[in-house]
Amino acid sequence: MFSRVARPAFNITRSLSTSSQNNAKVAVLGAAGGIGQPLSLLLKNSPLVSQLSLFDIAHTPGVAADLSHIETRAHVTGHIGPDQLEAALKGCEIVVIPAGVPRKPGMTRDDLFNTNATIVATLADACARYCPEAMICVIANPVNSTIPITSEVLKKYGVYNPNRVFGVTTLDIVRANAFVAELKGLDPARVNVPVVGGHAGKTIIPLISQCTPKVEFPEDKLAALTGRIQEAGTEVVKAKAGAGSATLSMAYAGARFTFSLLDAMNGKEGVVECSFVRSEETDCKYFSTPLLLGKNGIEKNMGLGKLSAFEEKLVADAMGELKGSIKKGEDFVQNMK
């Protein structure tokens with residue numbers, strides 16, 4: 001099924017030189033952080049963005065001043081502290097949220113919950129008030145819980161539109177593409193592996209059987225490859241030895257997803273990305289699958305497609321953890337004062 005779907009052609013050259021123009025205002029909440037700064041740089045490079053609004057609790061004016069010297073069309077503004085959230089968000093078409101604390105060695109994404117849940121709920125509250133129709137793209141972990149948190153906060157304001165709230169899982173796809181290409185000696189730009197489920201550990205389910213071009217691995221190698229994709233974030237956390245988690249690759253993946261969304265909003269047809277969203281595809285309320293994007297967000301959920309027996313087991317094994325993480329996020333908002 002996915003062999004018919006063209007992979008989004010994201011590269012720096014395209015984002016610098018494409019003739020497609022529009023006047024999108026994009027906000028980055030958490031713009032001074034490890035993901036936020038390189039993500040903001042990539043967004044500043046794109047002619048798809050005319051206004052780039054940067055928000056954080058510290059250092060944003062400096063980041064904005066630095067980026068504003070780059071010779072591209074996006075007008076950059078920096079906003080600092082809760083009093084400036086309204087100015088940062090008013091008129092935004094897309095809001096990207098990398099805000100939050102990163103993982104350290106020995107931590108799971110779920111260990112970030114208490115801190116990041118509060119941050120995401122606060123920012124979702126501001127989005128509900130100041131840009132209720134914006135596309136909201138949440139990078140802050142644990143995504144399996146922060147998307148239910150964002151959704152429940154928007155519901156409280158009566159502005160929830162499930163077609164406009166995205167958990168950014170793109171890094172899982174980017175990693176899968178890179179790892180498969182490395183093993184098979186392929187050009188990674190031409191590899192497309194759908195990754196479904198969630199965005200943590202065993203909930204990350206790469207569908208190698210649906211890879212374009214078609215690839216095959218012996219059972220042991222397939223299991224090892226799947227495990228590496230699932231634990232790739234931990235690989236980076238360990239390699240950085242306490243200095244943070246994946247920031248540069250996450251910024252690239254966040255930019256790729258944002259550009260795909262902007263392309264679709266500008267009327268480009270056939271734009272497909274995987275994302276963790278409200279879903280009827282399984283008995284989980286939220287689930288990542290390939291999505292056809294359009295002017296109003298999700299145009300069509302393309303579902304799981306045909307799974308191998310190995311992948312069916314991965315999906316079954318992920319359900320318990322995924323449902324628990326979703327409920328944890330929903331309960332957090334219900335118990336907020």
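Every heavy atom of this structure was used, including side-chain atoms; hydrogens, water molecules and symmetry mates were not.
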Query raised in the report: Taking everything shown except Glu216 itself, do over 12 heavy atoms lie less than 6.0 Å from its CD?
Result: no
Query raised in the report: Ignoring hydrogens and geometry, is there a side-chain-to-backbone donor-acceptor pair from Thr118 to Asn114 under 3.5 Å?
Result: yes
Query raised in the report: Is Leu171 linked to Leu248 within one hydrophobic cluster, defined over Ile, Leu, Val, Met, Phe, Trp and Tyr using a side-chain heavy-atom separation of less than 4.5 Å?
Result: no
Query - Candidate pair Glu235 and Arg228, rule salt bridge (charged side-chain N to carboxylate O under 4.0 Å, His left out), full reasoning - result: CA-CA 8 Å; Glu235 192 179 304; Arg228 188 185 178 202; 3.0 Å; yes
Requested in this report: Count the heavy atoms of every other residue, nucleotide or ligand shown that sit under 6.0 Å from NZ of Lys285, and state whether that count exceeds 12.
Outcome: no
Requested in this report: Hey, could you give me the CG/CG distance between Leu304 and Leu207, rounded to the nearest 0.5 Å?
Outcome: 7.0 Å
Report task. Could you state whether Val195 and Val236 fall into the same hydrophobic cluster, counting links through intermediate Ile, Leu, Val, Met, Phe, Trp or Tyr residues with side-chain heavy atoms under 4.5 angstrom apart? Result -> no
Query raised in the report: Just how far is it from atom CD1 of Ile119 to atom OG1 of Thr115, taken to the nearest 0.5 Å?
Result: 6.5 Å
Query raised in the report: Linking I/L/V/M/F/W/Y whenever their side-chain heavy atoms sit closer than 4.5 Å, directly or via other members, would Ile80 and Leu29 fall into one cluster?
Result: no
Query raised in the report: Hey, is the main chain of Lys44 close enough, under 3.5 Å, to the side chain of Thr72 for a donor-acceptor pair?
Result: yes
Query raised in the report: Under a 4.5 Å side-chain heavy-atom rule over Ile, Leu, Val, Met, Phe, Trp and Tyr, are Leu222 and Ile204 clustered together?
Result: yes
**Report entry** Spacing of Thr289 atom OG1 and Ile205 atom CD1 [to the nearest 0.5 Å]
**Finding:** 11.0 Å
Query - Glu133 CD: over 12 foreign heavy atoms closer than 6.0 Å - result: no
Query - For Ser145 against Pro148, the heavy-atom pair lying closest together - result: O-CD, 3.2 Å
Query raised in the report: If you measure from CG on Leu225 to CD on Glu182, what distance do you get to the nearest 0.5 Å?
Result: 10.0 Å
Query raised in the report: Can you name the nearest heavy-atom pair linking Pro206 to Val193, along with the distance?
Result: CB-CG1, 4.3 Å
**Report entry** Side chains of Glu273 and Phe257 in contact at under 4.5 Å (non-hydrogen atoms)
**Finding:** yes
Report task. Nearest 0.5 Å please: distance from the CG atom of Leu293 over to the CD atom of Glu269. Result -> 13.0 Å
Query raised in the report: Are Val191 and Cys211 side-chain neighbours, meaning at least one heavy-atom pair lies under 4.5 Å?
Result: yes
Query raised in the report: Looking at side-chain heavy atoms only, is the closest gap between Ile136 and Leu154 below 4.5 Å?
Result: yes
Requested in this report: Report yes or no: does Asn144 contribute a side-chain atom to a donor-acceptor pair with the main-chain N or O of Ser325 at less than 3.5 Å?
Outcome: no
Requested in this report: Would you check if the side chain of Glu311 reaches a backbone N or O of Ser308 as a donor-acceptor pair within less than 3.5 Å?
Outcome: yes
Query raised in the report: So does Lys156 pair up with Asp125, basic N to acidic O under 4.0 Å?
Result: no
Query raised in the report: So is Lys184 actually on top of Phe217's ring, under 6.0 Å and inside 45° of the axis?
Result: yes
**Report entry** Worked check of side chain to side chain contact (heavy atoms under 4.5 Å, CB included) between Val174 and Ser249
**Finding:** CA-CA 8 Å; Val174 166; Ser249 53; 5.7 Å; no
Query raised in the report: With the 4.5 Å side-chain cut-off for hydrophobic clustering, are Ile57 and Val96 part of the same group?
Result: no
**Report entry** Residues Gln37, Ser40; criterion side-chain hydrogen bond (donor to acceptor under 3.5 Å, both in side chains); working and verdict
**Finding:** CA-CA 5 Å; Gln37 289 200 44; Ser40 298; over 6 Å; no
**Report entry** Under 3.5 Å side-chain donor-acceptor pair for Thr77 and His79
**Finding:** yes
Query raised in the report: Any sub-3.5 Å donor-acceptor pair from Ser288's side-chain atoms to Ser275's backbone N or O?
Result: yes
Query - Validation row: Leu52, Leu54 side chains within 4.5 angstrom (heavy atoms) - result: yes
Report summary line: Shortest non-hydrogen pair, Ile149 vs Gly329, comes out as CG1-O, 3.4 Å
Report task. Check Asn296, Val271, Ile94 against Met265 for a side chain to side chain contact (heavy atoms under 4.5 Å, CB included) and give me the one that passes. Result -> Ile94
Query raised in the report: What do the steps show when you test Val26 against Glu93 for side chain to side chain contact (heavy atoms under 4.5 Å, CB included), and what is the final call?
Result: CA-CA 6 Å; Val26 177; Glu93 278 90 6; over 6 Å; no
**Report entry** Heavy-atom side-chain proximity of Pro213 to Leu186 below 4.5 angstrom
**Finding:** yes
Query - Nearest-0.5 Å distance, CD of residue Gln84 to OG1 of residue Thr60 - result: 8.0 Å
Requested in this report: Taking atom CG of Leu183 as the centre, report whether more than 12 heavy atoms of other residues, nucleotides or ligands fall under 6.0 Å from it.
Outcome: yes
Query raised in the report: Quick one: do the Lys306 and Ser209 side chains pair a donor with an acceptor below 3.5 Å?
Result: no
Query raised in the report: On the ring face of Tyr130, is Lys90 found with NZ or CZ under 6.0 Å from the centre and within 45° of the axis?
Result: no
Query raised in the report: Can you tell me if Asn266 uses its side chain to pair, donor with acceptor, with the backbone of Lys268 under 3.5 Å?
Result: no
Query raised in the report: Considering residues, nucleotides and ligands other than Lys300, do more than 12 of their heavy atoms fall under 6.0 Å from its NZ?
Result: no
**Report entry** Heavy-atom check, side chain of Leu123 versus side chain of Val138, under 4.5 Å
**Finding:** no
Query raised in the report: Which pair of non-hydrogen atoms, one from Pro132 and one from Ala128, has the smallest distance, and what is that distance?
Result: CB-O, 3.5 Å
Query raised in the report: Is any side-chain heavy atom of Val153 closer than 4.5 Å to a side-chain heavy atom of Tyr160?
Result: no
Query raised in the report: Going through the checks in order, is the side chain to side chain contact (heavy atoms under 4.5 Å, CB included) test met by Met319 and Cys284?
Result: CA-CA 7 Å; Met319 285 300 185; Cys284 267; 3.4 Å; yes
**Report entry** Heavy-atom side-chain contact between Pro290 and Val196 under 4.5 Å
**Finding:** yes
Query raised in the report: Take atom NZ in Lys327; do more than 12 heavy atoms of anything else shown fall under 6.0 Å from it?
Result: no
Requested in this report: Test salt bridge (charged side-chain N to carboxylate O under 4.0 Å, His left out) on Arg129 and Glu86 and set out the steps.
Outcome: CA-CA 8 Å; Arg129 284 183 284 142; Glu86 181 176 4; over 6 Å; no
Report task. Check whether any side-chain N or O of Asn116 sits under 3.5 Å from a backbone N or O of Asn141 as a donor-acceptor pair, and report yes or no. Result -> yes
Requested in this report: Work out which heavy atom in Gly198 is nearest to a heavy atom in Asp172; give both atom names and the distance.
Outcome: O-OD2, 3.9 Å
Query raised in the report: With distance as the sole test, does Thr146 use its side chain to make a donor-acceptor pair with the main-chain N or O of Ala140 at under 3.5 Å?
Result: yes
Query - Donor-acceptor pair, side chain of Lys25 and main chain of Gly91, under 3.5 angstrom - result: no
Query raised in the report: What pair of heavy atoms forms the shortest contact from Asn192 to Pro194, and how long is it?
Result: O-CD, 3.7 Å
Requested in this report: Please test Leu322 against Phe276 for side chain to side chain contact (heavy atoms under 4.5 Å, CB included), starting from the C-alpha separation and ending with a verdict.
Outcome: CA-CA 11 Å; Leu322 202 45; Phe276 187 66; 3.9 Å; yes
Query raised in the report: Under the 3.5 angstrom rule, does the side chain of Arg73 hit a backbone N or O of Pro47 as a donor-acceptor pair?
Result: yes
